[in-house]
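Below is one structure, written out as structure tokens; the observations come after it.
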Amino acid sequence: MAEPGSVGWFAEHLNDRTKRGIAVETSALIRAGSLTMGTKLPPVRDLAFALGVSPATISDAWSELRKQKIITGRGRNGSWVSGDHIAARPFRLAQSGDYGEHVLDLSKAGPDPALLPPLVEALRHGASAANLNSYERIRILPELRDAVQGSWPYRPEAFLATSGGYNAVYTVLHAFFVPGSHIAIEDPTALRLLDILEDLGARILPVKSDRDGPLPASLAAAMAHKPAAFLFQPRLHSVTCQTVSQQRIGELANVLEGSDTLIIEDDGIADIATSPATSLGGVLPDQVIHIRSFSKTLGPDLRLAILSSSTKLVDQIQSFRSFGAGWTSRILQSAAAWLLNDADTLGSIDKARKVYRQRRTELSEALAKRGIPLPDGEGFCLWVPVQSEQFALITLAARGIAVQPGSKFLINPTHHIRVSTSTLENRYDEVADAITVAIGGAT
């Protein structure tokens with residue numbers, strides 16, 4: 001058996017041989033103690049040859065680990081493990097910037113604060129929540145459970161309130177899986193989901209999608225690796241803004257039925273979508289964890305999402321949560337319940353839904369007039385193919401417009417940009433003209 005840290009050992013233990021994959025998997029091996037402090041890393045050229053990659057790929061991976069302060073050294077003296085812990089950071093999210101008031105920032109696909117419901121009355125109600133300030137680890141307030149179960153896409157055994165949608169995904173993944181677990185996920189997907197999977201040290205299996213959702217054949221190919229979980233957005237995709245069809249839901253169920261794969265459904269856009277909530281939970285209830293976030297509809301500062309699953313799985317999740325906060329604020333749960341039962345709030349959500357769709361449609365139609373047709377959809381953004389991602393970003397930046405590079409949302413990179421429309425008003429022709437120029441760059 002190859003000695004830990006040798007060229008042969010790395011060849012056995014590194015499966016994702018992209019620069020990001022090598023960095024993530026090496027950091028996971030260090031975190032797990034498989035590579036101890038002081039271990040000398042192989043010469044870059046030797047390791048590159050053994051892995052079948054370029055020396056630049058290894059150098060870039062090592063550079064990322066140096067930023068994390070867990071390896072040191074370079075050049076002729078080589079590199080070695082200098083730390084036994086990782087200063088974890090969400091790699092993709094950390095690259096997002098604040099551009100200032102002189103830039104039209106279309107990089108953040110979040111809700112428009114002007115379209116969110118007021119919270120004063122809701123928080124006043126929440127301040128009188130039952131059993132307030134108890135250390136009892138309550139899973140969900142009865143009034144919140146009652147407020148959501150009528151619109152839930154299936155009848156689960158148990159509900160659990162969490163501190164936001166991504167917090168729910170993070171908690172579920174860390175409660176059930178260990179570094180190195182195979183996780184299947186749509187490609188593209190939300191950048192925060194990829195950050196979470198990479199922090200876990202997961203081996204990511206990309207599942208291709210079309211306008212109807214994840215492709216059954218691509219999911220079946222991923223299933224050959226016996227993934228521990230399949231993570232997808234069943235209602236409205238946060239990047240492509242496409243809705244999974246009911247026929248596709250049935251086809252995915254056929255692929256997953258009989259497997260041990262946990263199905264994690266992330267309904268992050270929630271009631272901003274015109275389509276009703278959907279889930280595989282009706283046919284595979286013992287495999288499904290369905291998560292609905294309320295950040296886009298009620299406000300991100302409520303820090304609230306709800307997940308559902310079997311009692312057994314919810315028990316396991318709650319047990320893991322006991323290491324931390326243990327429960328989600330009763331004040332916030334009660335406030336959310338009040339909002340979900342308030343007619344004015346429901347009217348506000350309906351108005352927001354229409355405004356977001358109009359803003360997206362206005363920019364999409366402006367691009368179509370310029371010979372750039374995009375699929376119909378709804379939500380907070382447009383997913384725009386370009387000839388060169390770098391050229392597009394530079395061209396738009398020169399015109400005072402910030403967008404996200406598509407590579408942040410992809411496992412297998414292609415050339416796209418993601419343009420947020422959620423706060424865009426009136427400047428549709430200006431933005432469409434700039435995108436038209438940006439799209440045409442040479443590769």
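Fair warning: this is a prediction, and the values are worked out from it, not measured in the lab.
Put simply, the side chain of E389 gets close to the backbone of G406: a donor and an acceptor are under 3.5 Å apart. Not one N or O on the side chain of R427 forms a donor-acceptor pair closer than 3.5 Å with the backbone of L424. Between the E186 side chain and the S209 main chain, no donor and acceptor come within less than 3.5 Å of each other. At distances below 3.5 Å, not a single donor-acceptor pair connects side-chain atoms of S364 with backbone N or O atoms of R360. In terms of modelled atom types and a separation under 3.5 Å, the side chain of S420 and the main chain of K108 share a donor-acceptor contact. Panel note: side chain H237, backbone P188; a donor-acceptor pair is recorded below 3.5 Å. Not a single donor-acceptor pair under 3.5 Å links the side chain of E362 to the backbone N or O of Y428. No side-chain donor-acceptor contact under 3.5 Å links T278 to the backbone of P234. Distance alone, capped at 3.5 Å, places no donor-acceptor pair between the Q404 side chain and the R418 backbone. For the pair Q242 (side chain) and D376 (backbone), a donor-acceptor distance under 3.5 Å is present.
The SG atom of C381 sits 7.5 Å away from atom CD1 of I269, with the distance rounded to the nearest 0.5 Å. In this structure, D267 CG and S238 OG are separated by 10.5 Å, a value rounded to the nearest 0.5 Å. Taking CG of L65 as the start and CD1 of I71 as the end, the distance is 5.0 Å to the nearest 0.5 Å. From S293, atom OG reaches atom CG of L304 across 8.0 Å, with rounding to the nearest 0.5 Å. From L106, atom CG reaches atom CZ of F380 across 14.0 Å, with rounding to the nearest 0.5 Å. Atom CG in L219 sits 9.0 Å away from atom CZ in F232 (nearest 0.5 Å).
Sorted by first and then second residue, the side chain to side chain donor-acceptor pair (under 3.5 Å) pairs involving residues 342-355 (not counting sequence neighbours) are D342-T345, D350-R353, D350-K354. Among residues at least two apart or in separate chains, salt bridge (Lys or Arg N to Asp or Glu O under 4.0 Å) pairs with a member in residues 236-256 are D210-R248, R248-E251. The side chain to side chain donor-acceptor pair (under 3.5 Å) pairs that include a residue from residues 320-336 are H125-S334, E143-S334, Q318-R321, where partners are two or more places apart or lie in different chains. Residue pairs meeting the salt bridge (Lys or Arg N to Asp or Glu O under 4.0 Å) criterion with at least one member in residues 111-139, sequence neighbours excluded: D112-R359, E121-R124, R139-D315.
With sequence neighbours excluded, no residue satisfies salt bridge (Lys or Arg N to Asp or Glu O under 4.0 Å) with D146. Applying the side chain to side chain contact (heavy atoms under 4.5 Å, CB included) criterion to L367, with sequence neighbours excluded, gives L363, I372, L374, L382, A432, I435, T436. For H416, the ring-ring contact (aromatic ring centres under 6.0 Å, His included) partners two or more places apart in sequence, or in a different chain, are W383. Listed by chain and number, the residues in a side chain to side chain contact (heavy atoms under 4.5 Å, CB included) with K226 amount to none (sequence neighbours excluded). Scanning for side chain to side chain contact (heavy atoms under 4.5 Å, CB included) contacts around S309 gives I289, L313, V314, with sequence neighbours left out. Qualifying side chain to side chain donor-acceptor pair (under 3.5 Å) partners for R292, counting only residues two or more places apart in sequence or in other chains: S151. Evaluation of the side chain to side chain contact (heavy atoms under 4.5 Å, CB included) rule for D16 yields T18, E25 as partners, not counting sequence neighbours.
Looking at R211 and T240, their side chains never come closer than 4.5 Å, going by heavy atoms from C-beta outward. Counting only heavy atoms from C-beta outward, the side chains of W62 and T26 approach each other to under 4.5 Å. Between I317 and F176, some side-chain heavy-atom pair lies under the 4.5 Å cut-off. In this structure the side chain of I70 reaches within 4.5 angstrom of the side chain of S27, judged on heavy atoms. Residues L396 and I417 are in side-chain contact: their nearest non-hydrogen atoms beyond the backbone lie under 4.5 Å apart. Between P300 and L116, the closest side-chain pair of non-hydrogen atoms falls below 4.5 Å. Between L298 and L340 the shortest side-chain heavy-atom distance falls below 4.5 Å. Residues S279 and W152 fail the side-chain proximity criterion, which asks for heavy atoms closer than 4.5 Å.
The two residues P214 and L252 come nearest to each other via the heavy atoms O-CD2, 3.6 Å. Residues A127 and I331 approach most closely at N-CG2, 4.2 Å, considering heavy atoms. The minimum heavy-atom distance between A168 and T162, with the atom names listed, is CB-OG1, 3.4 Å. Between G379 and C241, the shortest heavy-atom distance links the atoms CA-SG, 4.2 Å.
Electrostatic pairing of D429 and R370 counts as a salt bridge here, judged by a charged N lying under 4.0 Å from a carboxylate O.
Judged purely by distance below 3.5 Å, without hydrogens or angles, the side chains of Y166 and S295 never pair a donor atom with an acceptor atom. For the residue pair H290 / E265, a side-chain donor-acceptor distance below 3.5 Å is found, with atom types taken as modelled.
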Quiz prompt | Stepwise side chain to side chain contact (heavy atoms under 4.5 Å, CB included) test for L339 and F294 | solution = CA-CA 11 Å; L339 290 165; F294 293 94; over 6 Å; no
Practice problem: Report the C-alpha distance between L280 and I249 in whole Å, list the side-chain angles of each, state the deciding distance to 0.1 Å, and finish with yes or no for side chain to side chain contact (heavy atoms under 4.5 Å, CB included). | Solution: CA-CA 7 Å; L280 291 167; I249 286 287; 3.7 Å; yes
Practice problem: For side chain to side chain contact (heavy atoms under 4.5 Å, CB included), just list the numbers for L194 and L410, CA-CA rounded to whole Å, side-chain angles, deciding distance to a tenth of an Å, and then say yes or no. | Solution: CA-CA 8 Å; L194 291 176; L410 289 155; over 6 Å; no
Practice problem: In sequence, state the C-alpha distance, the side-chain angles, and the governing distance for I22 and E64, and then conclude on side chain to side chain contact (heavy atoms under 4.5 Å, CB included). | Solution: CA-CA 10 Å; I22 291 168; E64 178 60 29; over 6 Å; no
Practice problem: Go through the steps to decide whether K408 and D195 satisfy the test salt bridge (charged side-chain N to carboxylate O under 4.0 Å, His left out), and finish with yes or no. | Solution: CA-CA 9 Å; K408 285 188 179 182; D195 274 340; over 6 Å; no
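The 12-atom threshold is not exceeded at CG of N133, counting heavy atoms of other residues, nucleotides or ligands nearer than 6.0 Å. Atom CD of Q149 has more than 12 neighbouring heavy atoms from other residues, nucleotides or ligands inside a 6.0 Å radius. Within 6.0 Å of the CG atom in D301, the count of heavy atoms belonging to other residues, nucleotides or ligands does not exceed 12.
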Show the atom names and distances, to 0.1 Å, of all donor-acceptor pairs under 3.5 Å that link a side chain in residues 253-264 to residues at least two apart or in another chain.
{"from": "N254", "atom 1": "ND2", "to": "G250", "atom 2": "O", "distance (Å)": "3.4"}
{"from": "S259", "atom 1": "OG", "to": "L256", "atom 2": "O", "distance (Å)": "2.7"}
{"from": "S259", "atom 1": "OG", "to": "T261", "atom 2": "N", "distance (Å)": "3.3"}
{"from": "S259", "atom 1": "OG", "to": "Q287", "atom 2": "NE2", "distance (Å)": "3.4"}
{"from": "T261", "atom 1": "OG1", "to": "P227", "atom 2": "O", "distance (Å)": "2.8"}

